[in-house]
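Notes to accompany the following structure.
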Amino acid sequence: MGDPRAPRGAGVFFRNLVSQGGEMSKKKEQENGRLERIRHSAAHVMAQAVLEKFPGAKLAIGPAIENGFYYDFDLPRPLTPEDLEEIEARMREIIAEGYDFVQEEIDEEEARRLFADQPYKLELIDEILSGGMDEHGRPAEGKPVLSIYRHGPFVDLCRGPHVSNTKEINPKAIKLLSVAGAYWRGDEHRPMLQRIYGTAWETPKQLRQYLAWREEVEKRDHRRLIKELDLISFHEEGGPGLAYWHPKGGRIRQVIEDFWREQHRKGGYEIVFTPHIGRAQLWERSGHLDFYRESMYAPMDVEGVEYFIKPMNCPFHILMYKTRRRSYRELPLRWAELGTVYRYERSGVLHGLLRVRGFTQDDAHIFCTPEQIEDEVLEVLRFSLEMLRAFGFEEFQVYLATMPEKHVGEPERWEQAQNSLRKAIEAEGLPYEVDEGGGAFYGPKIDIKIKDALGRLWQCTTIQFDFNLPERFDMTYVGEDGKEHRPYMVHRALLGSLERFFGILVEHYAGAFPVWLAPVQAVLIPIADRHVDYAYSVANRLREAGLRVEVNDSSDRMQAKIRDAQMEKIPYMLIVGDREMEAGQVNLRRRDGEVPGAMAVETFIDLALEAVREHRPL
RNA sequence: GCCCACGUAGCUCAGUCGGUAGAGCACACCCUUGGUAAGGGUGUGGUCAUGGGUUCAAGUCCCAUCGUGGGCUCCA
């Protein structure tokens, strides 16, 4: 099945300033166009500054992007942070010099003369003239036009648009952020260029907000939090991209898995378990050795027979399907598995929990008849949303990907599958985009992205039809007519992978998990040693009520214990001293600083269990 | 995999010009027994990622490897 994990960087969107999560107003849209012009213009100004500093610099491309801009350069030496400061300072001067941006359309000869010492520009000119690509490598429309923009001494091959004068760029609302390597044309066989990223806004306040947002992103970085909160570790000695779940991370995972299993039971799924390795011939038949081998680990030899570690669970589920003749009467079959798979990822792409080499998919396969498709798809979509909402995600963006040119399976089946997907999305009233021809070759799919607390989008859920595997494995069921038919097969993962979803959860909650997920839900804080026994007796009652509890019986002062609990982001702190012991109470302080105060132990238990039941933060 | 940067105590980091390793937190022990975000003292803890090289001398300079980070790329 498809990779349920989002492409790198898909989560990084800064929406709070521009759209506030709502629909974009006309005014905002105009502002957006203006921002884009500012950013694109800032890229040109930066290129001028770089060219002045490195007269031999070769320019590649420099577009506006979300939140800013970049420009790629071929330079004689690597850039340093000091270079960036210098370039940024020079940019401010250029802006102050107040150059007009002037567009010109020029002919080929002039273009070639103008950019004679700019090989990348010449290559772009070739491409534009051949009608293939525009300057961003996208297919161009209409007849090729060579357009340049000048401002002051600087000229660039560019379609625009730009602001009319450099002074429209607010010098206090720009900042250069980083240098990174980037291949020319994104092609690893072509030269590696240096890319400077910058950000640009209309006002200094917007810039400050954006930088503050980036700081917040950094503060919530799951790679830091999983370490600080003692949840998960990675080990050089154990190999990169392989997560180790510590006891506290394990508790959360267990809650997630238990909840997941219970939901699936209620949703009419069966839970299955399959092996971690399978014979080469299985992967040959499934097609993985032909199409997915570069993501699979090298085979191991078992008594002269090749075995592979599974990168996916589907072939195993199909083998189970085929253990006997299936009747239409037993369909749909909904088989779910928390299946741990291993995929080779190039070392450079590994990223905390968001991109790993071994992970557990919350996978399921649905086998059904054509008549059942619509209901099944609708049900899967509902089920997905219910699951995601349970974890505190409220906003979704849905993508429907349809039949690509190269595909397997009859168009009628594709048609039916796509219609069922579309109907389901519409029935749920979700905003969605259609990616025409963007489906996998084996079937159309829906991807759902969730929006986190910082407005970033993450892809977790994927629901994919598969017209390929049922054919390859010759899967059938006996219909009402006594004849054999090909079942529909749907792959789906809701959370995607537990590792990745966990990473997203950590960032979404900034490590302060809602009570039902918190590894420690309450900590007893005895004020003095004479309260420790009482604290333990209360802790036992809480444990019996099903709560995850600890007692901080160290000789620290109460204040220090509270601080420790705050740092651990424990939802409830229960202080017990003379007064509480006397009255058989606990004195509640919540993680958010609220102090509801003294209450009977039973009262606290009720309160906590209610928060657990309702998945409340506190 | 590629470009660049980084790797010093469990964690966060300092370490000057190459001259024989330091802080805070954590941990252990002792004192302290307190009322809503850090009480005090003492102590343990380092093959400076690994392996080579240069040098009288390497945490420091050079090379390689491993890992991490920012990106690129790929993503059935």
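The analysis underlying the following values was restricted to heavy atoms, covering all of them including side chains, and did not include hydrogens, waters or symmetry mates. Note on naming: letters A, B, ... go to the chains in the order of the sequence lines (proteins, then strands), and numbering restarts at 1 for each one.
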Practice problem: If the plane angle is over 60° it's perpendicular, under 30° parallel, otherwise tilted; pick one for Tyr509(A) and Phe513(A). | Solution: tilted
Exercise. Starting at CD of Gln361(A), measure out to NE2 of His491(A) and round the result to the nearest 0.5 Å.
Key: 10.0 Å
Quiz item: Parallel, tilted or perpendicular: which describes the rings of Phe316(A) and Trp283(A), with under 30° parallel and over 60° perpendicular?
Solution: tilted
Self-check item: Geometric class of the Tyr572(A)/Phe604(A) ring pair [parallel <30°, tilted 30-60°, perpendicular >60°]
Solution: perpendicular
Quiz item: How would you list, by chain and number, every residue that makes a side-chain hydrogen bond (donor to acceptor under 3.5 Å, both in side chains) with Arg563(A), sequence neighbours excluded?
Solution: none
Which atoms of nucleotides 2-6 of chain B (N or O only) lie under 3.5 Å from a protein N or O atom, and what are those distances?
residue: rC2(B); atom: O4'; partner: Tyr183(A); partner atom: OH; Å: 3.3
residue: rC2(B); atom: N1; partner: Tyr183(A); partner atom: OH; Å: 3.4
residue: rC2(B); atom: O2; partner: Tyr183(A); partner atom: OH; Å: 3.1
residue: rC3(B); atom: O2; partner: Gly181(A); partner atom: N; Å: 3.4

Quiz prompt | Short side-chain N/O contact to rG69(B) OP1/OP2 from Arg223(A), under 4.0 Å | solution = yes
Practice problem: Check whether any side-chain nitrogen or oxygen of His189(A) sits under 4.0 Å from OP1 or OP2 of rG1(B), and answer yes or no. | Solution: no
Look for any protein N or O under 3.5 Å of an N or O in nucleotides 41-49 of chain B and output each such pair with its distance, or none.
none

Quiz item: Could you write nucleotides 26-33 of chain B as a row of B, S and -, 5' to 3', where a protein heavy atom under 4.0 Å of any base atom gives B, of only sugar-phosphate atoms gives S, and otherwise -?
Solution: ------BB
Quiz prompt | Tyr572(A) side-chain N/O to rU36(B) phosphate OP1/OP2 under 4.0 Å | solution = no
Quiz item: Can a cation-pi geometry be assigned to Arg190(A) and Tyr183(A), taking NZ or CZ under 6.0 Å from the six-membered ring centre and within 45° of the ring axis?
Solution: no
Name each donor-acceptor pair under 3.5 Å that joins a side chain in residues 235-247 of chain A to protein atoms two or more places apart or in another chain, with its distance.
residue: His235(A); atom: NE2; partner: Ser233(A); partner atom: OG; Å: 2.7
residue: His246(A); atom: ND1; partner: Asp230(A); partner atom: OD1; Å: 2.7
residue: His246(A); atom: NE2; partner: Ser233(A); partner atom: OG; Å: 2.6

Self-check item: Arg589(A) side-chain N/O to rA37(B) phosphate OP1/OP2 under 4.0 Å
Solution: yes
Exercise. Would you tell me whether Thr402(A) and Gln418(A) have side-chain atoms, one donor and one acceptor, within less than 3.5 Å of each other?
Key: no
Quiz item: Is there a Watson-Crick or G-U wobble partner for rC66(B) with both distances under 3.5 Å, and which nucleotide is it?
Solution: rG7(B)
Quiz item: Which residues satisfy the side chain to side chain contact (heavy atoms under 4.5 Å, CB included) test with Ser295(A), sequence neighbours excluded?
Solution: Tyr292(A)
